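Nothing here was measured: the structure is a model prediction, and the numbers come from that model.
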Amino acid sequence: MWLLLLALLPWGGSLRECVGVALSGASETRQDTEPAPDAQEREGAQGDADGAASADRAQEESPDSSLPDEPRASSLSEEAQLALAERDALAVTWEVLPLDDLGPGARLGQAVALGDFDGDGWEDLAASAPGALRPEGPGRGVVLIAYAAEGGLLSGVRETRLVAPPSHQPDFESLEFGHSLCAIDLDDDPEPELAIGAPRSGADSGSVWAWGIEGPQRPARMILPPGTLPGGLGHAMCRLDLEGDGRDDLVVAAPQADLDGVRCGALLAFSSGGGRRVLPPVDPQEGGLYGFALGAGDLLPGGPQNLVVSEPGASHAGADEVGRVWVFPPDGALRRPDLCIDRTPDPEERSRFGVALATRGPLLAVGAPGTDREGRRDVGRVLFAGRYPRLDPLLEPGLERDALLGSCLAFVDLAGATEPDLVAPVWGAETPEADAQRGAWVWVDLDGDPRWLPAPDGGGARWARTLTALESEDSTLLLASDPSYDREARGRADNHGRITLARFERP
């Protein structure tokens, strides 16, 4: 199994236009890069899914099948610190969203979703805490619903509610409950429901739950039980209109699904009417982790949105764990996708292209957190498509190693520019001296050098595990979750978790 580690350094690779290549009915989009030095081998980032996990282990070890192991070190070079001091950083004042303390190991903010769950016109927040004790019955894992006050979340939280499986459900049915969240309309009322992934249910088979179909007072209901598509089902989810009928479908990933003896991963499409269909990978590869990250965007013209599927464990041209990303045409048939590849000449470099995705309209961003540069381990790289299918490399000098750049990406309109800005958080080691280094690079309007967005005080090693934005005509409210936040400040990672927010006034 493999680690996801990152850091940033100068990049000088060239850009190549898309070229068509036949591969299992797919066309290929290729990105050339400079030769890189040898990279040390890494283990898998899906976590140890071969052994059954217990709820106690979930608390003590804070497992996260989508996260790397803790990096050993993360430090800014002296030149990088000077560069940051000279650079105009984005001015921002962070606030902490006042939410319930769910205790050590809760990991509040592992996943988040926005939706007007009570129909009052203001978007509410759903934030998962996969390690939190449930108020009733055995097991761990809850989702906290924060109903926005009049004026929205920046005005405060009116009330909160904890969502969990029914108390009679054994806890093995819902391990890592809330690993992924997706607000989607699953019935005929105007309010969205909340789909909740629990990829370690049933000895890592995985399950998916839904809250809101039977009303907000009822517990979450299982809609895809363990065994539906074994292999971590619920690790990632997204919604899009696959059929072109005006109603969103739920696409759920099982990145360790075994198909015909190949542990390659697969997807399951779940329609609001209850229909299901398995979506196998185009080119199955052992350990490919097909579906590790999912996205939906208007990348190609022709009707419904495009489904984007990452496969960061896939090998290509003799290089292991180079990774690849598939972009399906908007016809609902999910055939003949475009294949995007970070073509790394060095077969020892395991770039893990596709660990994170971000989509917005015709824009696509892809993270390659395993990339090494100039003998420095796991420097990392972010690549984006300004207008799909062109891929440009984005790499900022300064970070030495283990920054995990590219493990989380988001398109957000912070500056009111002609195009959304790309935000790429930098993760670091859990050490007191690393606090000042935490933050994110922001490419404003996808043009020129990035600007530095400092993280809030006390940010943990996984600050900005997720980034979500509420946008209005004159401002943007950015929500950044931090499941690694230690509320007790004991000098060790108790992983209480929290949600931080900031408003950016536009010019």
Exercise for the section: Evaluate the ring planes of His235 and Phe292, with Trp represented by its six-membered ring, and classify them as parallel (under 30°), tilted (30 to 60°) or perpendicular (over 60°). Expected result: tilted

Completion exercise
Residues pairing under ring-ring contact (aromatic ring centres under 6.0 Å, His included) where one sits in residues 99-132, two or more places apart or in two chains, turn out to be Phe117-Trp211

Exercise for the section: Can you run down the ring-ring contact (aromatic ring centres under 6.0 Å, His included) pairs that involve residues 125-151, sequence neighbours left out, and say none if there aren't any? Expected result: none

Under 3.5 Å, side chain of [X] to main-chain N/O of [Y], donor-acceptor pair present?
{"X": "Asn306", "Y": "Phe328", "value": "yes"}
{"X": "Thr466", "Y": "Ala111", "value": "no"}
{"X": "Asp494", "Y": "Pro104", "value": "no"}
{"X": "Ser201", "Y": "Ala198", "value": "yes"}
{"X": "Asp204", "Y": "Gly232", "value": "no"}
{"X": "Ser205", "Y": "Gly227", "value": "yes"}
{"X": "Glu193", "Y": "Asp185", "value": "no"}
{"X": "Ser481", "Y": "Gly109", "value": "yes"}
{"X": "Ser128", "Y": "His179", "value": "no"}
{"X": "Asp413", "Y": "Pro420", "value": "no"}

Side-chain contact test, heavy atoms from C-beta onward, threshold under 4.5 Å: evaluate it for [X] versus [Y] and give yes or no.
{"X": "Ile499", "Y": "Leu125", "value": "yes"}
{"X": "Ser180", "Y": "Val252", "value": "no"}
{"X": "Val442", "Y": "Leu414", "value": "yes"}
{"X": "Asp249", "Y": "Arg239", "value": "no"}
{"X": "Leu467", "Y": "Pro425", "value": "yes"}
{"X": "Leu194", "Y": "Val163", "value": "no"}
{"X": "Ser207", "Y": "Pro225", "value": "no"}
{"X": "Arg140", "Y": "Arg107", "value": "no"}

To the nearest 0.5 angstrom, please state how far the [atom1] atom of [X] sits from the [atom2] atom of [Y].
{"X": "Phe270", "Y": "Ile223", "atom1": "CZ", "atom2": "CD1", "answer": "4.5 Å"}
{"X": "Ser310", "Y": "Arg324", "atom1": "OG", "atom2": "CZ", "answer": "11.5 Å"}
{"X": "Leu114", "Y": "Leu181", "atom1": "CG", "atom2": "CG", "answer": "10.5 Å"}
{"X": "Leu478", "Y": "Leu501", "atom1": "CG", "atom2": "CG", "answer": "8.5 Å"}
{"X": "Leu102", "Y": "Leu108", "atom1": "CG", "atom2": "CG", "answer": "5.5 Å"}
{"X": "His496", "Y": "Leu99", "atom1": "NE2", "atom2": "CG", "answer": "14.0 Å"}

Output all residues satisfying salt bridge (charged side-chain N to carboxylate O under 4.0 Å, His left out) with [X], sequence neighbours left out; order by chain, then residue number.
{"X": "Asp120", "answer": "Arg158"}
{"X": "Asp101", "answer": "Arg487"}
{"X": "Arg161", "answer": "none"}
{"X": "Asp421", "answer": "none"}

Please report the closest heavy-atom contact between [X] and [Y], naming both atoms and the distance.
{"X": "Cys182", "Y": "Cys238", "answer": "SG-C, 4.0 Å"}
{"X": "Gly361", "Y": "Leu299", "answer": "O-CD2, 3.5 Å"}
{"X": "Ala266", "Y": "Leu259", "answer": "CB-CD1, 3.8 Å"}
{"X": "Pro281", "Y": "Gly265", "answer": "CD-O, 3.2 Å"}
{"X": "Ala148", "Y": "Glu123", "answer": "CB-O, 3.4 Å"}
{"X": "Leu97", "Y": "Leu153", "answer": "CD1-O, 4.0 Å"}

Handout entry: Working for side chain to side chain contact (heavy atoms under 4.5 Å, CB included), residues Leu453 and Trp94
Key = CA-CA 11 Å; Leu453 174 65; Trp94 289 99; 4.2 Å; yes

Handout entry: Check against side chain to side chain contact (heavy atoms under 4.5 Å, CB included), Val382 and Val366
Key = CA-CA 6 Å; Val382 176; Val366 182; over 6 Å; no

Problem - Stacked cation flag Arg134 on Phe177, 6.0 angstrom / 45 deg - result: yes

Exercise for the section: Take Val251 and Val309, measure what side chain to side chain contact (heavy atoms under 4.5 Å, CB included) needs, and give me the verdict at the end. Expected result: CA-CA 10 Å; Val251 178; Val309 184; over 6 Å; no

Practice task
Dump the intermediate steps for side chain to side chain contact (heavy atoms under 4.5 Å, CB included) on Val208 and Met237, then the final yes or no.
Solution key: CA-CA 10 Å; Val208 177; Met237 297 188 291; 4.1 Å; yes

